[in-house]
Participant: 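Quick one: structure below, then a few questions.
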Amino acid sequence: VSEEGNADNSTEGEAEANDKENEASASEEESTTAIDELSISFVPSREPEEIITATEPLKDLLKEEMTNLGYDIGNVDISVGTSYEAVGEALSAGTTDIGFIPGGTYVLYDDGAEVLLTSTRAGLTNDSDNAKDWNDNKPTEASDEQVTYYRALMIAGPSEKGQELAEKVNSGEELTFEDMDSASWAVMSTSSPAGYIYPALWLKDHFDKTLMDLSNKVSVDSYGSAFARLAAEQIDVMVTYADARRDNADAWQAENNREGTIWDETNVIGVTSGIYNDTISVSKNADIMDEDLKAAIQQAFLNIAETEEGKEVISIYNHEGYQKATDAEYDKEREAQEMVQSLN
Amino acid sequence: MDVIEKKLYAAPKNKKYLLVMAGMIVVLFIWSLTAVNVENMEESGWAIAQSILTGIVTPDLDLLLNVTRQGVLYLLVETIAIAFLGTIIGAILAVPLAFLSASNVVPKPLAFLTRLLLIVIRTVPSLIYGLMFIRVTGPGPFAGVLTIGLISVGMLAKLFVDAIEDLDTSIFESMTSIGCTTFEKIRFGIVPQLFAIFLSVIIYRFDMNLREASILGLVAAGGIGAPLIFAMNAYRWNEVGSILIGLVVLILMVELYSNYTRNKLVRG
Amino acid sequence: MIEFINVDKTYGKSVKALQQINLKIEKGEFVAVIGLSGAGKSTLIRCINRMHDITSGSLVVDGIEVGELRGKEIRKFRRRIGMIFQSFHLVTRTTVFKNVLVSFVPELPFWRKVTGIFSKEWKLKALTALDQVGILDKAYVRVDQLSGGQQQRVALARTLAQNPDILLADEPIASLDPVTSKQVMDDFKRINQQMDISVIMNIHHVEVALEYAERIIGVREGQIVYDGPSQEVTDEILDYIYKGRKEGMTAEVYGEGAYV
Amino acid sequence: MIEFINVDKTYGKSVKALQQINLKIEKGEFVAVIGLSGAGKSTLIRCINRMHDITSGSLVVDGIEVGELRGKEIRKFRRRIGMIFQSFHLVTRTTVFKNVLVSFVPELPFWRKVTGIFSKEWKLKALTALDQVGILDKAYVRVDQLSGGQQQRVALARTLAQNPDILLADEPIASLDPVTSKQVMDDFKRINQQMDISVIMNIHHVEVALEYAERIIGVREGQIVYDGPSQEVTDEILDYIYKGRKEGMTAEVYGEGAYV
Amino acid sequence: MFDKVFPPKEIILPNGKTIMEKRSRTPLTVLIVIMAIYLSVKFTGFEFSVLLQSGYKFFDIVVAMVPPKWEYLPNIWKPLMDTIKMSLLGSVIGSLVAIPAAYFAASNIVQSRIIVMIARLVLSVLRTMPTLVTALIATFIFGLGTFAGTVAIFLFTLAYVGKLLYEQIENASMDAFEAMESLGMNRIQAFRYAIFPQVLPNFLSTSLFCFEGNVRYAAILGYVGAGGIGLLLDEALGWRDYAGVGMVLLMLAITVFFIETISEHFRKKLIGKA
Ligand SMILES: Nc1ncnc2c1ncn2[C@@H]1O[C@H](COP(=O)(O)OP(=O)(O)OP(=O)(O)O)[C@@H](O)[C@H]1O
Ligand SMILES: Nc1ncnc2c1ncn2[C@@H]1O[C@H](COP(=O)(O)OP(=O)(O)OP(=O)(O)O)[C@@H](O)[C@H]1O
Ligand SMILES: [Mg+2]
Ligand SMILES: [Mg+2]
């Protein structure tokens, strides 16, 4: 109780000083600030339940790190938004404090969100922007390099139409927009970079069309369900991030009851340019948020990504580490979005 | 016979009207048929229908019966709480709106404006209310309560208005003859009449709100909706089965009870 | 005592419902008002407790000039006059008991009016009134579960609970079948005799009127065309009261009954 | 000709509604069935057109053993027997005309049954039937806008349109006022005499029964306790028929009426 | 049960008669409701203070919606028409199919208890299934697009109208039905001519009401890929384009208003006559 009292009385200047010290030597403790609750929201780019289960250890990790940085966190509340918009709005209004959101979402909601970190992840054995290369060099594996961007792929499924498109690509033919339009597509919500924006840009580059022009498309709420539909041959093409097939390889056969492997049955028919990785953003409008806390959160996640346990947790999003990020890095993303939007 | 035949030809002629109406309906119907494009129909559809059925009849019992926060039981309780509180909030909001839009209570223009407002409130999909409330409360059941409350207002108010508009005002006359003041007439003449009907409407809406709860899942507003929709999207039919069974059983139970109570309230 | 002196009543500008009514009714009388539909029977009765205002003339009830009463006085005045309607006018969806309790509402303190909680004293009075009309056992039954005759008795009990000096009844048996009518009329008679309450009743059933009332008042086109003891009413007098009655009219009069 | 031979009718296991009925009714008779409520009058009448099945014995109508009819035969058989009910049993919310047309439905081809479109021939027949009961001018009026007496006449017209040999009537005037009752009973009499249609009627009003019917059948506790010409019915006989009637019973009898 | 726990109180009248006054259930009911509210508040994390404090944020999005984005209008027509078509088709077919369904579920018409029970169970379970779930399943089975939406609306309409209709049939007066039987009709014919006219106005009015509701509902169906204006709504929400959302909602509200006015007109015409 007395600690809380101290914290409330400590002036901003003191706190700042504390923080600088903390950054220098994280273990040093002088005074702590008490925070009742810190809420973290994840976007549903994977199965929400998986996210909830996998991120459970994050609570304690974060509390621990934050304690070292001079913050006494009462409770860490983790929730998975059912849509990107829900997480975005929550961040923008300050009803959630920290969001694991893609760059695209960040850009849309930057009136209330501020990016702290960009995730890094292992590069892939394929990094070509030619679809055929990906199909020739199967399966795609992780490489040793850490990168801050990834690509989105258009993947054709085992349906008749999907196979037809794949064949065309693999025989070196150019796809036409008619080919594209005759297939049925699964896309993610419009703010998802790999699931919407970059594929849209790709369409624009190649055919001067956008996803809006496709006759048969459906939005799905997670890549898992897109794969499920692909497997069920309900859709012919889905758009996803480059190593999504690695993540869904098991499920492809086990849950979706396919005979062949995901590598045999699916083919890449399009590759987009690089997309900046997911962000960890905080809400500017949350009551508890101030510069010190932001810095502390930033440091805490950097620290967590260093630990074994932490690595495991963030691997759910294929994050392997973090780098500090600035808003300016997302200007390119803004341009992309403006372009997509102006196409509408 | 002459008189009779004359009478036959004197039959009121509304055939034309009926023909025109029927023609219009047929035309509209055919027009709306153009919305159906069966091309998208999947051949695998029946296979999926089958797996849905098998999933539902072989539910994930573990999920159905466990008592953790991810279990169906807990989620159902949370759903009930959301629907219950939401219904109450909706009812509280609906009562004044209903009086304001009852044309036998307030002037016609005001009633019309309120009616417009009610249409607007009803038209905004719950998804959007969800987003709006997330800005207030953050994700979770709290947002769900508020959303349910707001989407209930439209229907509650409409049914309340119906009740208000066919109030039995003859009681007023008898109360006047007893020597009652206006306040007393309202308190002892109107309130008892409306109370039973309002209550019955509210219970009915609670029943419906339980069903609506599935939609809340789409906006991170708690309850059983999100797990249900996630499970469906991921084709985990066993889970879908266990959630649906829980939901259906709950709703059927609530429906039985609500029918019984409403009958008692309205018919005595 | 009720006294009409040159009473006129005009609805709107031109509908002369009552014209030059002169009438004296003593305490304890049982008077039946008969006449064609539209003759002005209801209007006559409703002027007595000021449900309608008279247009000119003077109407004195127990020494009070009714036309001069204002606001609260009117309400107080009405408490002394019970009124029974053709269609009972009960609050359905609530119990018989509560319907009778309503008649005490004007006498309650404010907080009781709001909460609707009645003290034991009132409850006993209400139950006694129900007993007087013989439906004590239905006290806690919902009104909408009662037959028409029983509902009319509840209305009667509600009025009795008011402890009135005068009972006005506007076609109290019009929506009842003959047998139930008889029971209700017997109730009226009993109340009239045992409690010495004046009864003034509009009624379409001539035979019933002749059987129960002591005095018959015949109204035609807003005027009193007959006033005398019921024993003296002959077929000619009835013809006179109902004069102008033609085939079509009959159908209309009976037509009303047929919807019962 | 209608012939009951040792007819028994038991509801459920124990309610003996009819016991050992033996009865012969010739074509063209006007028979009134009287008796206490619950005596079995309705049951008796309803057995004739197989609305109820008899439990044992034999019931022969114009040489047809009613009990042996099956499915379609029953429906064909019923077309020859008109039935009139106390509460008219009309389709309200639609016109008089359509109510009468309905009686032709069983004779129509399938598509007309479904669409409810009638040819001119049928329409003329329906209007003729309406003319017979004197309400042709109401043909295009909605039934719910008619008085009770007029409604009963529509029911009568519907039955006449069927061109029946026998007319069964279950208390056709119970919910009518005396004047209208008289008109309806006159209609029955006329139909009975002019068209030579047998009329078998349940009726509570003894005086009316005696006035109109040629033959009275008294039923008590499921048995026929009197059967003879109406002129010969004395007060003793009536007492006998209605024997066992006590205060309580009376109340019950009338009580039922009250809910009508 | 209740009367055992709280035995009725005896009241003695001045004239010596007694009557049992049942204890009022109101206090107990009020208590239970208050407890339920308390528990629900705990369960859902409802906080009044939050509402007071940041309730205004609710209007952030409302404000962002006005003025609506008029340029969006041309994009709206087709999906809006699709939505109306879907609802119309689903409602018409659903209402028609509801007639036989209600027939079999009406215990006063169909004598076999088993048929009645099965029909009712089917209707109940159909009604229990949230429309969104039905729509989602429909998209799985019938593919994406308006057809799936139509199927979902059809099922919902069937269940809703079917239930109301069979209740009305059961409340309908059986008098005329009896008379029809005495005329020599079979049960289906008697239903057609005696019961159906009685329930027709209410049936039409329920169907119209349902149609109206379906148009509104169809706005959500787009979310699961079931076609119509919902797709557009989803798109605009994704772009956080609330002015666009506002435009879509405005058009939807206007449509609903028109439909409501028209159907109100017919409802009055139908029922007013009765
Ligand atoms: N509120 C009113 N406004 C205008 N005219 C009215 C009003 N009430 C009654 N009248 C007219 O006054 C005349 C007398 O009506 P009143 O109701 O007193 O007749 P009544 O004898 O009670 O008839 P009934 O037997 O039909 O009840 C009628 O011509 C009626 O149309
Ligand atoms: N459907 C039924 N099921 C069981 N018992 C019945 C049924 N219908 C009539 N009863 C019983 O059979 C007996 C004769 O009834 P019925 O209706 O024939 O009498 P009723 O003479 O027509 O009387 P009322 O004058 O009241 O119409 C009565 O005891 C009655 O309770
Ligand atoms: Mg009157
Ligand atoms: Mg009978």
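As the structure is a prediction and not an experimental result, all values here were calculated from the model. Note that these values count all heavy atoms, side chains included, but never hydrogens, waters or copies made by symmetry. Numbers restart at 1 for each chain; the letters A, B, ... are given by sequence-line order, proteins then strands.
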Participant: To the nearest 0.5 Å, how far apart are CD in B:E173 and CG in C:D170?
Facilitator: 8.5 Å

Participant: Give the minimum heavy-atom separation between B:G179 and C:P106, together with the two atoms involved.
Facilitator: O-CG, 3.6 Å

Participant: By a 4.5 Å heavy-atom criterion (distance strictly below it), what part of C:R46 contacts chain B: side chain, backbone, both, or neither?
Facilitator: side chain

Participant: Non-hydrogen atoms of chain B under 4.5 Å away: do they reach the side chain of C:F104, the backbone, both or neither?
Facilitator: neither

Participant: Tell me, do B:E184 and C:V102 make a side-chain contact under 4.5 Å, heavy atoms counted?
Facilitator: no

Participant: Give me the atom names and distance for the closest heavy-atom approach of B:F188 to C:V91.
Facilitator: O-CG2, 3.7 Å

Participant: With rounding to the nearest 0.5 Å, note down the distance linking OG1 in B:T176 to CD1 in C:I74.
Facilitator: 11.0 Å

Participant: Report the option among C:R75, C:Q162, C:K98 that has the most heavy-atom pairs separated by less than 4.5 Å from atoms of chain B.
Facilitator: C:R75

Participant: Sub-3.5 Å donor-acceptor pair from the side chain of C:R78 to the main-chain atoms of B:I178, do we have one?
Facilitator: no

Participant: Taking every heavy-atom pair that is under 4.5 Å apart, which of C:L90, C:T92, C:T159 has the most such pairs with chain B?
Facilitator: C:L90

Participant: Say whether, by atom type as modelled, one donor and one acceptor occur between the side chain of B:S174 and the main chain of C:H89 under 3.5 angstrom.
Facilitator: yes

Participant: Out of curiosity, B:F195 CZ to C:T94 OG1, how far, rounded to the nearest 0.5 Å?
Facilitator: 11.0 Å

Participant: Counting only heavy atoms not in C:K27, do more than 12 fall under 6.0 Å of its NZ?
Facilitator: yes

Participant: Can you tell which part of B:F183 gets under 4.5 Å to a heavy atom of chain C, answering side chain, backbone, both or neither?
Facilitator: side chain

Participant: How close do C:V114 and B:R187 get, counting heavy atoms only, and between which atoms?
Facilitator: O-NE, 2.7 Å

Participant: Please state whether the side chain, the backbone, both or neither of C:R158 comes within less than 4.5 Å of a heavy atom of chain B.
Facilitator: side chain

Participant: Quick one, C:R142 and B:K264 - any side-chain contact, counting heavy atoms below 4.5 Å?
Facilitator: no

Participant: What is the minimum heavy-atom distance between C:N49 and B:S177, and which atoms define it?
Facilitator: ND2-CB, 3.8 Å

Participant: Decide if atom OH of C:Y11 counts as having more than 12 heavy atoms of other residues, nucleotides or ligands within a radius under 6.0 Å.
Facilitator: yes

Participant: Is the number of heavy atoms from other residues, nucleotides or ligands within 6.0 Å of NZ (C:K138) greater than 12?
Facilitator: no

Participant: Return the OG1 to NZ distance between B:T181 and C:K113, rounded to the nearest 0.5 Å.
Facilitator: 5.5 Å

Participant: Rounded at 0.5 Å granularity, tell me how far CZ in C:F85 sits from CD1 in B:I171.
Facilitator: 11.0 Å

